[in-house]
Amino acid sequence: MNRTFLLDGRRVEACDDDTILTAAKRAGVDIPHLCAKEGYRPDGNCRACVVEIGGERVLAASCCRAPTEGMVVSSANERARAAQRGVVELLLADLPVDAVGAPLRHDSELAHWARTLGVAGSPYPRTIAAPVADVSHPAIAVDLDACIRCTRCVRACREEQGNDVIGMAWRGEHATIVFDLADPLGASTCVACGECVQACPTGALAPAGGVARAPADRVVESLCPYCGVGCRVGWHVRDDRIVMAEGRDGPANHGRLCVKGRYGFDYARHAERLTRPLIRRAGVPKSVELLAPERYAEVFRVASWDEALDAAAAGLKSLRERHGPASLAGFGSAKGSNEEAYLVQKLVRTAFGSNNVDHCTRLCHASSVAALMEGLGSAAVSNPVADVEHAAFVMVIGANPAENHPVAATWIKNAVRRGTTLVVADPRATALARHAWKHLAFRPDADVAMLQAMLHVIIAEGLVDERFVRERTRDYEALAASVAHATPESMSAVCGIDAGTLREVARRYATSKASMILWGMGVSQHTHGTDNARCLIALALTTGQIGRPGAGLHPLRGQNNVQGASDAGLIPMVFPDYRRVGDDGARSVFERAWGAALDPNPGLTVVEITRAIDAGTIRGLYVMGENPAMSDPDAGHARGALAKLEHLVVQDIFPTETAGYADVILPASSFFEKAGTFTNTDRLVQLASPVVSPPGDARLDLWIIQELARRLGLDWRYEGPHAGVAAVYEEMRALMPSIAGISWARLERERSVTYPCPSETDPGHPVVFIDRFPTADGRGRLVGVRPSPAAELPDAEYPLVLITGRELEHWHTGAITRRSETLTRLAPGATASMHPATLGKLGIEPGDRVRVESRRGGIALPARVDSRVPDGAVFIPFYDGRAAANLLTIAEIDPTGKIPEFKFCAVRVAAEV
């Protein structure tokens, strides 16, 4: 219930959860404060915010005191001001003498309040010796001489991010901030999220290199270019270079960032940026071997934009005319905008004449999409990640959000702190496992067996939501029959989880008031990935754990716009909004809109395109922002195929591994140089703004695509700023009912809107499937499956299992993070992580260089001991071109989702000779 009180003679209204400080701020009254921070739990330890309350003898800390009806508060009378000034003077006593005039941060809050209160320095003598500055960390500078022990950083680390690295040690005048067991920050378990830096009011914790000492020329609010969380960021720009990132209060992150979002921006001005178009020199053949960036001048010559675009289009046109539309294909990018994805797929379908267009969704969640479309009629997540705050039970399976979606992981950790039950199901003990009630360390490849056992328990023990099943699902009987044999006792021997634990987890999931399942590529990147996802869908449908706040299914999207690129039709079997290319009605809509006859046959997927190149069926390829020479499975085979292409056009910002095989290279714009919309994992459509200008003669991707289209015979005219991005978006919106209510003008006003959003007055729908599923009969379909083995099992010759994935500091193929100095200093190279027992059996010591080999290739890299990896397995991230994990992986694909089996193949490991 709202309350009204008097503040400095003004009537102020307070809400239920207000303190005097927050109510005052909303009313436009600034009360000095240092330990208090919006969104954080108030601590009340600095006392800079003290106010006088009528009828009370002592002053009160306004950050901790709730106003009551009729209360009379004075925040700026003589007594309150004297106390506030006194607090600031005492704090300044033990700080550097220039803490007000030349603080460690130009925006130091302590210096601000000192100036506001008229305090130039402290009249009190210094009582403690100045601590030695800690410069051990590549990203964060520590100077505890400026620390006022407000504990903001402790709350930031422990309560907001849930990392538990920063604490307070000792007592009294010896009390100090410590990292882990008083380690240097660079030697601690710090994950460099930078929340402490953003929280620090004095600069005791600050960005390394002193970049925060001077103000930026401008601060541009936009988005983060990395994962699917879609964090909103304030980018500080000086001399047209980004110098600092600051989390903003976006709907997905509420001010939080991770190490990549906060420190991984410097790639935009890396010396290897492509800045002029390049054409392969006449007579220079293509080799399967990768081309080093320093050798580009030997292989390519600089060209004008007109010459390069003419050559790019002429080669594609010639192949189309001589060998037909099926001889061409295109890859778009999940790191590009929705508008770029839309134009790439439109270009391939109307200019090339086929549906041979795909992007990296094929390599991450294609099997999840296939299962969700089949079971629910929609591939969209049912609930946003932050909905875990409403869940009583959360299962994270086959995902490592603490490293791949770190801000999303913070919401999960916060929910656990409030009492949510967390189950982590993964062969590895990922970082979230320490927060979990149960860690189900099932055997690699045994997902289906484990999930079927849980379904068996739910059905056999009468835990099914019978009304939900009766009214909102179909094919229940077939599902029940398919798991009748899958008792926990029988499946325990297969999956490695004891029967009692399987029963416990199944019961807790089914009976909680709201349960959510979040999964990642550990579920999807298998030849049985679609079956894995079918089982998860069945868990939700049989128990009615979907369509409510805190109850649903969420496949965590990897790239920053993989959701939007898929929505925009960058998939070979569907047009925008997932309308099948073989559907006559859907196809006629796009034929009328685009003025072209369209192919009714689904195109080839990523792996199928590579195979078709190898077979000589596809002869020309246009690649915008993808790096198949690193991201494709069995990368040696993929590189051999790329070398066979008669004409390859690469549009990118760096000389990637793929660009070395090109005939024409078109220098494009980075994320920071473009305007456009991006759709995050929560279905949130967000507007990004240009932060800096493209270097040299690099051009906007939208401009490049349109120029190619015109040279291929298409009369595209998108007028307006930033290569007509708003016009492209509005054309796309007119063809996509899911975003019909999200106009460009609305995005300029609101910055972000969740779809589905059918009208401009609709607020958007974060939770979907509330009353029905978007299927023909409104029901969800239950699909029974049978456990099936991986395509390649360990044997005497190759006895270990390879698991690939990402690591915290790097992203995907590393094309951008390997060019970030800070991220590279934090994680200089890939390692082969193995359990101590595995290393012991092999006679290998941590740090030894080892050779890892599969039937497809081999790589050399250092060994790393990691007890979180199961015995008998090897974990290798796939970002490092010097030890490309995908040279080892197998190209066998899921028959439905057409996704490769990145998560399982047989390898052997030996000390490098």
Please evaluate residues Ile803 and Ile876 with respect to the criterion side chain to side chain contact (heavy atoms under 4.5 Å, CB included), reporting the C-alpha separation (whole Å), side-chain torsions for both, the decisive distance (0.1 Å), and the verdict.
CA-CA 7 Å; Ile803 303 172; Ile876 303 177; over 6 Å; no
Classify the side-chain pair Ser368/Trp519 by whether it contains a donor and acceptor separated by less than 3.5 Å.
yes
Restricting to pairs with a member in residues 616-635, which pass salt bridge (charged side-chain N to carboxylate O under 4.0 Å, His left out), not counting sequence neighbours?
Arg619-Glu646
One should read off an interatomic distance between Lys674 NZ and Ser669 OG, to the nearest 0.5 angstrom, of 4.0 Å
For Glu298, I'd like to know if atom CD has over 12 heavy atoms of other residues, nucleotides or ligands within 6.0 Å.
yes
May I have the step-by-step check of side-chain hydrogen bond (donor to acceptor under 3.5 Å, both in side chains) for Asp358 and Thr605, ending in yes or no?
CA-CA 6 Å; Asp358 209 353; Thr605 62; 4.7 Å; no
Run the salt bridge (charged side-chain N to carboxylate O under 4.0 Å, His left out) test against Glu289 and tell me which residues pass, sequence neighbours left out.
none
Under 3.5 Å, is there a donor on one side chain and an acceptor on the other for Trp811 and Gln559?
yes
Full working for side chain to side chain contact (heavy atoms under 4.5 Å, CB included) between Ile816 and His810:
CA-CA 8 Å; Ile816 57 178; His810 286 283; over 6 Å; no
Lys335 side chain to Pro225 backbone, donor-acceptor under 3.5 Å
yes
If I compare all heavy atoms of Thr804 with all of Ala885, which pair ends up nearest, and what's the gap?
CG2-CB, 4.1 Å
Worked check of side-chain hydrogen bond (donor to acceptor under 3.5 Å, both in side chains) between His637 and Thr610
CA-CA 8 Å; His637 175 259; Thr610 301; over 6 Å; no
Considering residues at least two apart in sequence or located in another chain, which fulfil the ring-ring contact (aromatic ring centres under 6.0 Å, His included) criterion with Phe300?
Tyr296
Assess whether a salt bridge exists between Glu809 and Lys260, defined as any Lys/Arg side-chain N lying under 4.0 Å from an Asp/Glu carboxylate O.
no
Identify the heavy atoms of Ala303 and Ile279 that sit nearest to each other, and give their distance.
CB-CD1, 3.6 Å
Per the ring pair (Phe, Tyr, Trp, His ring centres under 6.0 Å) rule, which among Phe265, Tyr267, Phe678 passes with Phe671?
Phe678
Return the CG to CD distance between Asn561 and Glu340, rounded to the nearest 0.5 Å.
9.0 Å
Is there a donor-acceptor contact under 3.5 Å from the side chain of Glu403 to the main chain of Asn400?
no
Going by salt bridge (charged side-chain N to carboxylate O under 4.0 Å, His left out), name the residues that satisfy it together with Arg280, two or more places apart in sequence or in a different chain.
none
For His405, ring-ring contact (aromatic ring centres under 6.0 Å, His included) partners two or more places apart
none
Report yes or no: does Lys898 contribute a side-chain atom to a donor-acceptor pair with the main-chain N or O of Ala366 at less than 3.5 Å?
no
If only atom types and distance count, is the side chain of Asn356 paired as donor or acceptor with the main-chain N or O of Leu328 below 3.5 Å?
yes
Tightest non-hydrogen contact, residues Ala883 and Ile859, listed as O-CD1, 3.7 Å
Between His812 and Phe878, does the ring centroid distance fall short of 6.0 Å?
yes
Across all chains, not counting sequence neighbours, the side-chain hydrogen bond (donor to acceptor under 3.5 Å, both in side chains) partners of Tyr661 are none
For Arg281, side-chain hydrogen bond (donor to acceptor under 3.5 Å, both in side chains) partners two or more places apart:
none
Working for side chain to side chain contact (heavy atoms under 4.5 Å, CB included), residues Val801 and Val874
CA-CA 6 Å; Val801 172; Val874 186; over 6 Å; no
Going by ring-ring contact (aromatic ring centres under 6.0 Å, His included), name the residues that satisfy it together with Phe875, two or more places apart in sequence or in a different chain.
none
Please state whether the rings of His526 and Phe904 are parallel, tilted or perpendicular, taking 30° and 60° as the class boundaries.
tilted
Arg241 meets the salt bridge (charged side-chain N to carboxylate O under 4.0 Å, His left out) criterion, sequence neighbours left out, with none
With a 3.5 Å distance limit and no angle check, can you tell me whether Glu792 reaches the backbone of Ala906 through a side-chain donor-acceptor pair?
yes
Set of ring-ring contact (aromatic ring centres under 6.0 Å, His included) partners for His359, sequence neighbours left out:
none
Start with the C-alpha gap between Gln563 and Asn680, add the side-chain angles, then the distance that decides, and say whether side-chain hydrogen bond (donor to acceptor under 3.5 Å, both in side chains) holds.
CA-CA 6 Å; Gln563 181 66 60; Asn680 80 343; over 6 Å; no
For Ala139, is there any backbone N or O sitting under 3.5 Å from a side-chain donor or acceptor partner on Thr822?
no
Which heavy atom of Pro633 sits nearest a heavy atom of Ile890, and at what distance?
CB-O, 3.3 Å
Would you check if there is a donor-acceptor pair between the side chains of Ser631 and Asn886 at a distance under 3.5 Å?
no
Can you name the closest pair of heavy atoms from Ala688 and Leu223 and give their distance?
CB-CD1, 4.0 Å
I'd like to know if the side chain of Arg818 and the backbone of Gly814 have a donor-acceptor N/O pair within less than 3.5 Å.
yes
Test side chain to side chain contact (heavy atoms under 4.5 Å, CB included) applied to Val649 and Val623, step by step:
CA-CA 6 Å; Val649 179; Val623 179; over 6 Å; no
Tell me which pairs pass salt bridge (charged side-chain N to carboxylate O under 4.0 Å, His left out) where either residue lies in residues 263-279, with sequence neighbours left out.
Asp240-Arg269, Arg269-Glu673, Glu272-Arg819, Arg273-Glu673
Check Gly261 against Cys224 and note the closest heavy-atom contact, atom names and distance.
CA-SG, 3.7 Å
Verdict with supporting geometry, Asp894 and Thr527, side-chain hydrogen bond (donor to acceptor under 3.5 Å, both in side chains):
CA-CA 4 Å; Asp894 177 287; Thr527 50; over 6 Å; no
Check: Tyr622 side chain, Val348 main-chain N or O, donor-acceptor pair, under 3.5 Å:
no
Centroid separation Phe672 to Trp235 less than 6.0 Å
yes
Would a distance-only check, ignoring hydrogens and angles, find a side-chain to backbone donor-acceptor pair under 3.5 Å from Arg851 to Val909?
no
Flag, side chain of Glu901 to backbone of Ala791, donor-acceptor distance under 3.5 Å
yes
Which pairs, with at least one residue in residues 558-573 and sequence neighbours excluded, count as a salt bridge (charged side-chain N to carboxylate O under 4.0 Å, His left out)?
none
Just how far is it from atom CZ of Arg349 to atom CG of Asn355, taken to the nearest 0.5 Å?
4.5 Å
